[in-house]
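A quick write-up on the structure given underneath.
Order of appearance sets the numbers: ligands from 1, and atoms from 1 within every ligand.
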Amino acid sequence: MTSASQVEALRVPRRRPHKLEKPLAAKRSPGYDMIPIVQADRQSLGKVMEHQTFGPPATARRGQSTCQRHAPIITIDGPAGTGKSTLALRLASYFGWRYIDSGAMYRAVALCAAERGIPWTDEPALVQLCAPLTFEFPFCGGQAAVHVDGRNVTQAIRSQAVGEGASLVATHPRLRAILVDKQRQLGCAGGIVMDGRDIGTVVFPEADVKFYLDATPEARGWRRWLELQERGERTTLAEVIDAIGRRDQEDRTRQASPLRVPKGACSIDTTNLSVDDVFELMVDKIKFFGVSFRTLDPGQGTRCPQST
Ligand code: DC
């Protein structure tokens, strides 16, 4: 049991918001007022604070799932190239949670469709393809991997072409409904950081902490271009900025779950911030919200299964 003095010693001082943060929109829910702020430093990893409580996941409230939440849900939304996946993976490693890359699911569907000759515009065929697919996100050698039906597609889904396919695939409401359901199943027990475009708005609107990352198209294009260069894809910076503009337009204007800032999210403009700066802001915010943590049971989501 944690004594009152131990809890007091762990209290994180309130800090002034960073100048690049939008004013804190979220109000602490009444439940949170009961929870002491806990210093989530590396030494304390593995402890489960006994005073910690979590609200019921939205899915459980709607009667869609009987899944019990045992640990926090953190969501990160925002357009392409804002560093969501890098930061989500870092947060997950730091707190001992799992990282679930929802964009990878749309990419994997686009890849599987292309392999089977299904056009990215054919919603009924995509729905049929997607419904039985299983997704896993194991950590392999410190990296987040993506497995679909046991096959390692981590590299294959990262090409520019598959990215554009994913953007088209993501416009189909029935396909989205299937993936949203799978995302809820993957994350409803908590202890996850999930990133995407609709995670704080649709998938887990009642997540413990919601982030929205943004940056200018130029900054995002530059980051994406560097990534593509590292993977040996030969494109010009102008082409990548152009592609980012098209994807932004698709993601923000589509009918089904367009990209929006989730209600109560902490918005961070990452244009002039390093990954380390943003990471610190996010860790601070998670502590500010009094979110405690628990590590996963050994092997849960952390194994690196044999890829086929
Ligand atoms: O984040 P990403 O580039 O890997 O995402 C690929 C595409 O999937 C992107 O165009 C937007 C879409 N997407 C989505 O619509 N909803 C999500 N939750 C995640 C991604």
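Counting heavy atoms of neighbouring residues, nucleotides and ligands inside a 6.0 Å radius, atom CD of Gln128 does not exceed 12 of them.
Looking at Ile199 and Ile76, their side chains never come closer than 4.5 Å, going by heavy atoms from C-beta outward. When side chains are defined from C-beta on, Trp97 does not count as touching Ile192, because their heavy atoms never get closer than 4.5 Å.
The immediate protein surroundings of ligand 1, defined as residues with any heavy atom under 4.0 Å of it, consist of Ser102, Gly103, Tyr106, Arg107, Arg158, Ala166, Ser167, Ala170, Arg176, Gly196, Arg197, Asp198, Ile199, Arg247, Asp251, Arg254.
Val169 and Leu259 end up in different hydrophobic clusters when Ile, Leu, Val, Met, Phe, Trp and Tyr side chains are linked at under 4.5 Å.
Evaluation of the side chain to side chain donor-acceptor pair (under 3.5 Å) rule for Asp122 yields no partner, not counting sequence neighbours.
A centroid separation of less than 6.0 Å is found between the aromatic rings of Phe279 and Tyr94.
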